[in-house]
> 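Take a look at the following structure, please.
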Amino acid sequence: MVVELFLDLLSQPCRAVFIFAKKNNIPFEFKHVELLKGEWKAPVPVGMNWVEEFGKVNVLKKVPALKDGAFTLAESIAILLYLSRKFNTPDHWYPSDLQKRARVDEYLSWQHTTIREKGCKVFITKVLVPLILGEPFSPEKLETAVEELNSALKQFEEKFLQNKPFIVGNEISLADLMAIVELMEPVGCGCDIFENKPKLMEWRSRVEEAVGKELFQQAHEILLNVKNLSTTQLPPELSESLKQLLKP
Amino acid sequence: MGMELYLDLLSQPCRAVYIFAKKNNIPFEFKHVELFKGQHCREEFGKINILKKVPALKDGVFTLAESTAILLYLSRKYNTPDHWYPSDTQKRARVDEYLSWHHTNIRGNAGKTLWIKVLIPLFTGQTLPPEKLQEVMDELAISLKQFEEKFLQDKPFIVGSEISLADLMAIVELMQPIGVGCDIFEDRPKLSEWRNQVEEAVGKELFQEAHELILNIKELSNIQIDPQLKEHLAPVLRKMMK
């Protein structure tokens, strides 16, 4: 039985897992969990009753999730590391050299509450909140979100990237992969955070090339067409519960 | 030159690193970075960790930030017992899974109790309304429920029958509310039992030693706060007080 990966490519960590698996020719079954159809929250009637199973795959009801036989796993970092070990992927993804490996760990740990959190906030402010509330986005809130992300990006460039081609030396690693998918999220909603940042732009080009332009495009297709989301109808129960979450 | 660990035991991730190093007899020089004195904001510390946060490690010319990275580095360099970060692929994945989820769930919420009950009053002279604390406790309750349902379940430790880095990172974080009088173990027997098991696995004496500062935090109400630190924290404080 092949590994099952429960993914929605709108989600940054899902893209990291998707790209990693594809790039390394890891055989898997793509189980599409459509976030905007609320498939992570409630069973979808008729024809999709495997989704009830999703809660059994990941009781936290988040994507990405992995199922390998009876073994289920949540959290993209855990999934990436698991896949790298099980399928013995090339060393540069998670170098065996102690210090290089520590640098990858360092970035993966730091990014949760910085790049990831602030990148999400930009997307949520510009796309999701308007979608849920049916109102235009708040320019002030967006400005604040972008400022916070830029602050994190400054630290990213100063501490993690510096003058190196990749976060850890000369080759792409899980650190670059997790970073790039997060930073594409604001791009996908029209906030080009790479603009006027030549070093970051160069790093992005290198990462895209290391991944492979075709695979990179494929993984980001849904995101880059996110303007089509404005006409998406959220299922009413999902809409209601998300509105509750957004209450100040 | 030996390995240096830059720590303040008021900080949860510092306690995890401290306990781990001590428990495994890892030789290190304890470099005290006193957060209340704003020592982490200084240029000198910035050379060790440009992010100006503790814990930080210096091993020769190699410097490292982030407690998870430090713990993993130490476990590998010093070849610590397998149970801390099991070589079994699936058990190891379970530790990774917890360590990842921890950041935005247990870690975010548990620490806020210290801010609301002690730090904000200390820095601003203002006490926050009880609703603020209740908000944080409610959110923490949700994380604790997920912790018990998903990560602990009916096992003695997060990953099977022995303590791992996952339990260590969790326990130090959950001791933060204890230090300020929010007993999150009360009325949670399973969690309480897990706590006892973790304390025993660490060793009661070492556990107490690591937690002495936080468990006596109320005595710090007379402490002089470094003015530069107050200024540095002003935006963070304002945000938390909203």
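Here is how names work: the chains are called A, B, and so on, in the same order as the sequence lines, proteins then strands, and each is numbered from 1. Computed from heavy atoms alone, side chains included, the values below leave out hydrogens, waters and symmetry copies.
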> Out of A:Leu73, A:Leu108, A:Asp68, return the one with the most heavy atom pairs under 4.5 angstrom to chain B.
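Max contact count across the listed options: A:Leu73.
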> Can you tell me which of A:Glu117, A:His112, A:Arg116 forms the most heavy-atom pairs within a distance under 4.5 Å of chain B?
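So the answer, after comparing A:Glu117, A:His112, A:Arg116, is A:His112.
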> Who among A:Gln99, A:Lys159, A:Lys86, A:Glu158 has the most heavy-atom pairs with chain B under 4.5 Å?
A:Gln99
> For the interface with chain A, which of B:Arg107, B:His102, B:Arg94, B:Lys53 has the highest count of heavy-atom pairs at distances below 4.5 Å?
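Sorted descending by pairs with chain A, the first entry is B:Arg94.
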> Parallel, tilted or perpendicular: which describes the rings of A:Phe156 and A:Tyr107, with under 30° parallel and over 60° perpendicular?
perpendicular
> Heavy-atom pairs under 4.5 Å with chain A are the metric here; pick the option from B:Gln146, B:Lys77, B:Gln90 that has the most.
B:Gln90
> Going by the angle between their ring planes, with limits at 30° and 60°, are B:His32 and B:Phe30 parallel, tilted or perpendicular?
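The rings of B:His32 and B:Phe30 stand perpendicular, inter-plane angle above 60°.
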> Any idea how A:Trp93 and A:Phe20 line up, ring-wise: parallel (<30°), tilted (30 to 60°), or perpendicular (>60°)?
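A:Trp93 vs A:Phe20 ring planes: perpendicular.
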> What part of B:Thr63 is in contact with chain A, defined as an atom under 4.5 angstrom from a non-hydrogen atom: side chain, backbone, both or neither?
both
> Have B:Asn109 and B:Ser143 got a donor and an acceptor in their side chains that come within less than 3.5 Å?
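B:Asn109 vs B:Ser143: donor-acceptor pair found between side chains.
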> For A:Thr113, is it the side chain, the backbone, both or neither that has a heavy atom under 4.5 Å from a heavy atom of chain B?
side chain
> Determine yes or no for a side-chain-to-main-chain donor-acceptor pair under 3.5 angstrom, with B:Lys190 supplying the side chain and B:Gln153 the backbone.
yes
> So which residue, B:Leu51, B:Thr68, B:Leu72, ends up with the most heavy-atom pairs under 4.5 Å with chain A?
B:Leu51
> Between the side chains of B:Asp82 and B:Lys91, is the shortest nitrogen-to-carboxylate-oxygen separation below 4.0 Å, so that they form an ion pair?
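No.
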> Between B:Val95, B:Thr89, B:Asn49, which residue shows the highest count of heavy-atom pairs closer than 4.5 Å to chain A?
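The residue among B:Val95, B:Thr89, B:Asn49 with the greatest pair count is B:Thr89.
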> Which region of B:Ile50, side chain (C-beta onward) or backbone (N, CA, C, O), has a non-hydrogen atom less than 4.5 Å from a non-hydrogen atom of chain A, or is it both or neither?
side chain
> Taking only Lys NZ, Arg NE, NH1 and NH2, and the carboxylate oxygens of Asp or Glu, determine whether A:Glu185 and A:Arg15 approach each other closer than 4.0 Å.
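Here A:Glu185 pairs with A:Arg15 in a salt bridge, since their nearest N and O are under 4.0 Å apart.
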